[in-house]
Amino acid sequence: MSSSTAAVLAPLPDLRPWVEDLYRHLHAHPELSMAEHETAARVVQEISGMPSAEALEVHTGIGGTGVTVVARNGEGPTVLLRADMDGLPVAEDTGLDYASTVTTTNAAGEQVPVMHACGHDTHVATLLAALRLLLEGRDHWGGTVVAVFQPAEEQFNGADAMVADGLADLVPRPDVALGQHVLPGAAGSVEVAPGPIMASCDDFRITLHGRGGHGSAPHTAIDPVVMAASLVLRLQTVVARQVSPQATAVLTVGRISAGTKTNIIPEHAVLEGTVRTYDAAVAAHCLEVIERSARAEALAWGAPEPGFETFDHLPVTDNEPGATERVRGALEVELGADRVGDFTPEMGSEDFGALPGAWGIPSCYWGFGAFDADAWAAARERGTERQDFPDNHSPHFAPVLQPMLDTGVRAMVAAAMAWIGR
């Protein structure tokens with residue numbers, strides 16, 4: 001299998017300038033979730049110039065801006081390869097000569113900056129390069145490759161939107177789904193592990209109803225701002241005192257909205273937050289306690305019953321052990337065992353799982369390193385990685401081009417070839 005993978009990857013040095021230019025373009029032209037029109041168009045443009053492009057099945061506009069490419073190459077397994085496409089409303093501060101200066105109007109009508117602060121530009125570039133190499137190396141594999149360019153991962157609904165729009169009927173049923181993400185770490189290395197590696201996400205919204213009044217006479221009103229402040233502090237005890245210490249959960253209130261003027265006690269306050277865990281029962285318990293706490297808080301204030309709703313559910317990213325073992329073996333052969341580490345489970349969330357979930361198929365998701373390997377190793381020896389390097393979503397997130405891009409391409413090709421290689 002390694003020889004066939006090596007044959008497919010042999011042209012990579014010649015493709016490197018194209019991949020790097022493509023990445024720079026994508027980085028400089030980010031788009032927000034469900035607005036990835038130019039990115040999707042660039043994907044289609046690049047695909048149209050690939051070998052045997054006329055034989056590819058290309059579907060556009062799936063779930064909004066999603067693109068799928070089906071490459072059939074005789075008998076064999078079907079492998080789904082996924083890349084997400086959207087950027088974030090972040091003002092870039094990297095100093096790169098290809099830094100984004102894009103601003104746009106978001107769904108709320110606000111002018112916001114846009115940046116590929118999570119590295120989805122690397123995902124698109126490396127998947128396009130992997131697909132091109134596979135098409136050029138058709139003699140070395142057999143089966144079907146389904147490349148999925150997905151919108152709106154940052155908005156939590158892109159994968160679900162593609163599934164709801166009939167993805168499972170548009171493309172052949174895959175035998176496995178594979179995905180990757182650029183993360184803080186040494187460029188040239190990857191991390192993978194079986195089982196749950198990223199948490200589920202359940203976002204919630206609480207609407208507290210008070211009684212408005214004048215700021216000088218709070219005794220004549222029911223102040224939802226103070227009620228909200230009290231509730232936020234109460235919610236900090238949900239995990240600490242009402243979830244087993246043997247379970248893993250995070251509860252964060254990330255948004256509070258209330259009031260229009262300093263001397264007006266408003267009628268309402270809105271809190272929004274998120275629950276992250278690896279266990280559906282723990283998530284359900286946390287949400288039940290949150291709702292009960294909100295009702296109790298309102299009752300204590302003599303306020304009307306609050307509103308409570310959940311939204312933006314994401315599943316646990318759960319790597320199937322058999323598929324993960326196969327991927328890890330392929331990565332170790334291609335990159336070297338010393339460059340394949342263990343993915344430490346984290347409480348961040350991903351909607352990748354909705355894609356294999358559409359068919360009930362196994363999947364594997366791994367990370368590849370973003371930063372200069374020597375600098376990362378030195379920081380790691382000092383224990384200062386998190387201080388010295390920005391995380392995803394930072395305005396300073398600037399992966400090194402190489403060997404970051406090469407590693408993403410090699411990892412995706414090697415993982416796919418573990419199923420389809422001859």
Side-chain angles (χ1 to χ4, degrees), residues 32-34 88-89 105-112 152 154-157 160-161 164 199-244 247-277 279-315 347-349 351 393:
L32 294 179
S33 303
M34 288 301 180
L88 287 159
T105 304
N106 66 13
E110 304 162 329
Q111 279 289 306
V112 295
E154 298 293 355
Q155 195 169 283
F156 300 162
N157 62 352
D160 281 337
S200 66
C201 168
D202 290 280
D203 287 350
F204 62 87
R205 181 181 296 113
I206 300 168
T207 302
L208 298 171
H209 305 291
R211 185 168 64 237
H214 199 287
S216 66
H219 60 289
T220 66
I222 299 176
D223 192 337
V225 175
V226 180
M227 198 189 320
S230 177
L231 179 57
V232 169
L233 292 178
R234 185 183 303 278
L235 293 181
Q236 303 314 300
T237 69
V238 172
V239 173
R241 287 295 178 265
Q242 301 196 57
V243 172
S244 168
T248 302
V250 171
L251 192 167
T252 296
V253 176
R255 177 176 176 269
I256 302 176
S257 176
T260 59
K261 198 172 185 294
T262 58
N263 64 348
I264 299 173
I265 294 173
E267 290 276 318
H268 312 285
V270 178
L271 289 71
E272 292 182 344
T274 186
V275 173
R276 309 291 177 106
T277 181
D279 188 317
V282 172
H285 174 65
C286 287
L287 292 170
E288 186 274 327
V289 175
I290 293 167
E291 182 176 9
R292 172 159 46 85
S293 298
R295 295 181 188 280
E297 191 70 48
L299 182 63
W301 285 83
E305 186 170 288
F308 180 82
E309 59 185 312
T310 59
F311 58 101
D312 287 345
H313 170 76
L314 293 176
M347 300 308 291
S349 301
D351 68 352
H393 291 214

Completion exercise
Nearest heavy-atom approach of Ala269 to Ala228 is CB-CB, 4.2 Å

Exercise for the section: Provide the closest heavy-atom pair for Ala294 versus Ile206 in the form atom of the first, atom of the second, distance. Expected result: CB-CG2, 3.9 Å

Practice task
Indicate the atoms forming the closest heavy-atom contact of Leu32 with Pro89, along with that distance.
Solution key: CD2-N, 3.7 Å

Problem - Exercise: identify the closest heavy-atom pair between Gly215 and Pro218 - result: O-CD, 3.7 Å

Exercise for the section: Would you give the length of the straight line joining atom CG of Leu88 to atom CD of Gln155, rounded to the nearest 0.5 angstrom? Expected result: 11.0 Å

Exercise for the section: Examine distances only and state if a side-chain atom of Glu309 and a backbone atom of Arg205 form a donor-acceptor pair shorter than 3.5 Å. Expected result: no

Handout entry: From CZ (Arg295) to CZ (Phe308), nearest 0.5 Å
Key = 9.0 Å

Problem - Separation between CD of Glu291 and SG of Cys286, rounded to the nearest 0.5 Å - result: 13.5 Å

Exercise for the section: Over all heavy atoms of both residues, which pair between Pro224 and Ile265 is shortest? Give the atoms and the distance, please. Expected result: CD-CG2, 4.1 Å

Handout entry: Worked verdict on Val275 versus Leu287 for side chain to side chain contact (heavy atoms under 4.5 Å, CB included)
Key = CA-CA 8 Å; Val275 173; Leu287 292 170; 4.1 Å; yes

Handout entry: Pairwise distance NE2(His393) to CD(Glu154) - rounded to 0.5 angstrom
Key = 3.5 Å

Practice task
Take Leu235 and Ile290 through the test side chain to side chain contact (heavy atoms under 4.5 Å, CB included) and record every step on the way to the result.
Solution key: CA-CA 7 Å; Leu235 293 181; Ile290 293 167; 4.1 Å; yes

Problem - Heavy-atom check, side chain of Asp351 versus side chain of Asp160, under 4.5 Å - result: no

Exercise for the section: Please check if the side chain of Thr237 supplies one atom and the backbone of Arg234 the other of a donor-acceptor pair under 3.5 Å. Expected result: yes

Can I get a per-line list of side-chain donor-acceptor pairs under 3.5 Å for residues 250-263, giving both atom names and the distance, sequence neighbours left out?
| residue | atom | partner | partner atom | Å |
| --- | --- | --- | --- | --- |
| Lys261 | NZ | Asn263 | OD1 | 3.3 |

Exercise for the section: Determine the minimum heavy-atom distance between Ala298 and Pro306, stating which atoms define it. Expected result: CB-CD, 3.6 Å

Completion exercise
Residues at least two apart in sequence or cross-chain that pass side chain to side chain donor-acceptor pair (under 3.5 Å) with Thr274, listed by chain then number, are Asp203, Arg276

Practice task
Give a yes or no on whether the backbone of Ala161 and the side-chain of Asn157 come within a donor-acceptor separation of less than 3.5 Å.
Solution key: no

Handout entry: side chain to side chain contact (heavy atoms under 4.5 Å, CB included) between Leu231 and Ser293, intermediate numbers included
Key = CA-CA 7 Å; Leu231 179 57; Ser293 298; 4.2 Å; yes

Handout entry: Residue pairs fulfilling ring-ring contact (aromatic ring centres under 6.0 Å, His included) with at least one residue in residues 204-242, sequence neighbours excluded
Key = His209-His268

